[in-house]
Trainee: 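Starting off with a structure, shown below.
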Amino acid sequence: MEDLFAHSYPGTSAKTLFADVILPVPIPKWFTYKVEREFQDRIGIGYRVMVRFGNTKILTGIVARVHQKAPEAYLAKPLLDVLDDFPVVNALQIKFWNWMASYYCCHIGEVMHAALPSGLKLSTESRVQVHPDFDPEAPGFPMDERELLVLETLAKHDEMKVEQFEQLLPGKISHKIIKSLLTKGAVLLYESVREKYSPKTEQRIRLAQQYLAEKGLLQELFAQLKGKQKQEEVLLKYLQVLPVFQKPEQNTGGIVKSVLIDHGCSPSSIDTLVKKGILEAFKVTISRFDELETGQDQVELSPLQQQTLEEIQRQFQEKQTLLLQGITGSGKTEIYIQLIKEVLESGSQVLLLLPEIALTTHLVFRLKKVFGSKMGVFHSKYSDNERVEVWQGVLSGRFNFIIGVRSSLFLPFDSLGLVIVDEEHEPSYKQFDPAPRFQARDAAIMLAWMHQAKTLLGSATPAFESFYNAQTGKYGYVSLEKRYGNAELPYFHLADILADKKKNLLKLDFTRILREKIQEALNKQEQVLIFQNRRGYAPYLSCEECGWIPECEHCDVSLTYHQYQEELRCHYCGFKEKLPKACPACGSHKITTVGVGTERIEENLSLLFPEARIARMDLDTTRSKYGYQRILEDFGAGNVDILVGTQMITKGLDFDKVSLVGVVDADRILYFPDFRSGERAFQQITQVAGRAGRREKTGDVVIQTRRPDQLIFRQIMAGDYRGFYQQELRERKQFFYPPFVKNIKITTKHKDVKTAEQAALHLKNLLASIEAKKILLGPEKSLIGKIKNLYLFELWIKLEKSVSVQEQFKVQLMEAIRTLQGDRKFRPVRFLIDVDPF
DNA sequence: AGCACGCCGACT
DNA sequence: GTCGGCGTGCTC
């Protein structure tokens, strides 16, 4: 009987509901909470809920499942609250999170943490208040001075955050005092929750209704205001901007207050009129993004582009994923636009992933012109509020096309039709830290698959894995390269650093040929790009007498010299130190800089070419939200002759006047202790070289190296990606590197060297017994052996390329780590797992 | 991960 | 004696 009743009124079901909640904690579990009656008919998958976790913490979680099965092993706690009227996360996303957690060996809570903009995560603060029943006069417990101090301070405010007491009393003592006051019943401790997201509002002004109804009143009013010139002015201005008597309905929306002020009205007079009840002030919620009309920008495809587009469409019929190889400036953008248009017209959503630094370029403006306000941009420099608005925009359907960085994979899409990953070879698609350490390109393919959508990977110099997958037929492949000749390839010059040095021709790190080419370009008023992949002034300092090098106290790295602040800094833990006047080892004053950073190159250039206008673009000069854009605009406008920069200059520059590109130190890219260094050198040098010469002009590229005889340079110069690929592939096969094996890197972290190493060694032994074709390497001290006083050891696993083997292996790997952590000796050791590491 | 609880050294 | 170190266990 009861059940029948429950069926007809689901909200009053007699059965208790339970919710499995994902919480942002690294525990490989879902947590089951009881759903109280009041929440039963407004809960479901993807709702945010507030729960008590442990004794004190209050957390925001996401509901992953609602069911009726009470947990057997424990008593479920009740949900404290359901935060939304509609789900903010959909079931597909939860599926995606689960995949990511299992593929990248992390906890779903960590994925959730990365996925939700923090504006959607509630923060709780512990607050303290004087207990309402507390009587300070009552003879009760004796209070000591510190307790009285806290009570006194508290009495002045009606409530305080726990952290505020830390200023009053040093750190941890305040905790104790509050605790003792709590047991004495003098104070009340509670968690207060606040929504972090706040909508943007705008102050508006309108005419009070009564004046609108009766015209006579207004005339009277003007008579009254005679002599009050400023106020009269405001009113006149208002009527001028908004002719409310012709169109009374327009008064409701009023005018933006700042617009009136911009028209020369005095803010105080406006306020006075509002106080008198003549004008009304009100607030409206507005979007943080400009509403743009969908542009009418027409895209014309060239015959080659049209042909390529058709080929892409043809291959998409058979393949889910497709690699489009096309050199920069070959017209990929127009093809993207056409594809996106078609998918949007069919009613599906589109996601275009870009590496972070490519996101502020003309490409975005171009797309904005075409797709207008239906396109959302998701930036890493966006504020939290802006991110929440993009999230909500996808949820509400306001945006059906998103262009964004790797984390835009997590936006709440419900019907993706196409995902494009541009510059798919870019290393910035891989997240290093913290978990989930995912590769956005690969995750995008999985996400697309879950949506039954297509993925298009675009690059001029594809990642080896992608090209391999295309070669083996796993992906489709379309090329957008000119077939005959390489008319667009610039003239390459290899400059031998050592040879010039011997002949005394190397001046301030510049070879003769590069100096001459720069001078030539300057004479012709053409622009120059100088590429140096190291920011700062100099990597490190060294004593000329004894060779002493300043090192960080907490990390196993040398300190970087920052000229501007005259200090030495650790890039790993933030440790700072004033520049020593004398060498602490031998007392010598001859401390010199070793190595070259962008700052130093900039300085050298200004010495070599005093008449040139030089700018620098690296992490340090582009930190602000629009810093990058400003430098690019300046360069584009021709206000700069020479632009020095890191990898950033390989992106987004598309200027006709660049006739010369210089690579200061190619060896730095080439000799990186990493199996991908060759690949990366090929990609980076090709990319930056591609900036030289456009359209009708052929540019020059000068590559400075100590080893000009290397094969890779000839391949770069010939634009021979395939040749390079073939040769490199043979090496990868021979030495068991991806794409022939699956790499997993495990890093152990502990304050004691021995323990860190032993943990890795024990893990290796446990893994050795797992049945799978594999190679185990290490443990070896990490490249940077110590960070923040924790020692790091690495274990590399090369696993056979079989999905089922990998899945099993990962499960057993997690088990092995759990076993190890059962050993008290290894309990405090942290194990970081990196699947497909770089 | 955080956080509380609990058992040991170095100070008023 | 207390304070505060950090090893240990737990979170629905």
Side-chain angles (χ1 to χ4, degrees), chain A residues 16-36 39 43 47-82 101 104-116 118 121-126 142 144-147 162-163 166 169-180 182-183 189-191 433-437 747-752 755-756 759 788-790 814 817-833:
Chain A
T16 320
L17 288 186
F18 295 91
D20 293 343
V21 177
I22 306 169
L23 293 174
V25 287
I27 304 166
K29 269 186 195 175
W30 287 350
F31 294 87
T32 307
Y33 286 84
K34 202 171 99 196
V35 182
E36 303 279 38
F39 301 127
I43 196 170
Y47 282 76
R48 288 182 305 158
V49 290
M50 209 167 86
V51 296
R52 166 146 268 149
F53 186 67
N55 260 343
T56 48
K57 278 252 124 178
I58 290 177
L59 298 173
T60 319
I62 296 281
V63 175
R65 213 164 64 93
V66 179
H67 56 90
Q68 300 188 338
K69 201 171 161 290
E72 284 158 19
Y74 54 87
L75 193 68
K77 282 187 189 173
L79 289 177
L80 296 182
D81 203 359
V82 176
Y104 290 104
C105 297
C106 67
H107 311 293
I108 192 161
E110 293 174 303
V111 180
M112 173 182 121
H113 193 61
L116 287 183
S118 44
K121 288 173 253 172
L122 295 182
S123 63
T124 63
E125 298 169 330
S126 307
D144 70 18
E145 295 153 47
R146 289 180 298 188
E147 286 172 330
V162 169
E163 295 95 78
E166 279 164 24
L169 292 161
K172 282 162 190 162
I173 297 175
S174 61
H175 266 144
K176 279 229 159 112
I177 308 287
I178 290 167
K179 223 167 125 188
S180 85
L182 201 62
T183 50
L189 187 69
Y190 62 99
E191 293 289 306
D433 233 14
R437 299 178 178 81
T747 310
T748 58
K749 217 168 156 184
H750 192 264
K751 62 177 162 52
D752 182 49
T755 315
K788 292 183 193 167
N789 286 323
L790 296 173
M814 300 294 262
I817 289 175
R818 230 168 295 140
T819 311
L820 264 182
Q821 297 206 305
D823 186 339
R824 70 149 55 87
K825 193 176 163 208
F826 296 127
R827 266 218 68 183
V829 178
R830 314 259 349 113
F831 292 86
L832 313 181
I833 306 172

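Note that this is a predicted model, so its numbers are computed, not measured. Quick note on labels: first sequence line is chain A, next is B, and so on, each numbered from 1.
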Trainee: Rounded to the nearest Å, what distance is computed from the NZ atom of residue Lys121(A) to the P atom of nucleotide dA1(B)?
Mentor: 16 Å

Trainee: So, using side-chain contact (heavy atoms from CB on, under 4.5 Å) as the criterion, who are the partners of Leu790(A) when residues are at least two apart?
Mentor: Lys749(A), Lys751(A)

Trainee: With sequence neighbours left out, what residues match Arg65(A) under salt bridge (charged side-chain N to carboxylate O under 4.0 Å, His left out)?
Mentor: Asp20(A)

Trainee: Looking at Lys57(A), I'd like to know whether one of its side-chain N or O atoms comes within less than 4.0 Å of OP1 or OP2 on dG2(B).
Mentor: no

Trainee: Just to verify, what does Thr755(A) make a side chain to side chain donor-acceptor pair (under 3.5 Å) with, not counting sequence neighbours?
Mentor: Asp752(A)

Trainee: Nearest whole Å is fine: how far is dA1(B) C1' from Phe831(A) CZ?
Mentor: 16 Å

Trainee: For every nucleotide of nucleotides 7-12 of chain C, 5' to 3': is a protein heavy atom under 4.0 Å from its base (B), only from its sugar-phosphate (S), or from neither (-)?
Mentor: -SB-BB

Trainee: So, using ring-ring contact (aromatic ring centres under 6.0 Å, His included) as the criterion, who are the partners of Phe39(A) when residues are at least two apart?
Mentor: none

Trainee: List for me each residue that meets salt bridge (charged side-chain N to carboxylate O under 4.0 Å, His left out) alongside Arg437(A), sequence neighbours excluded, and say none if there are none.
Mentor: Asp433(A)

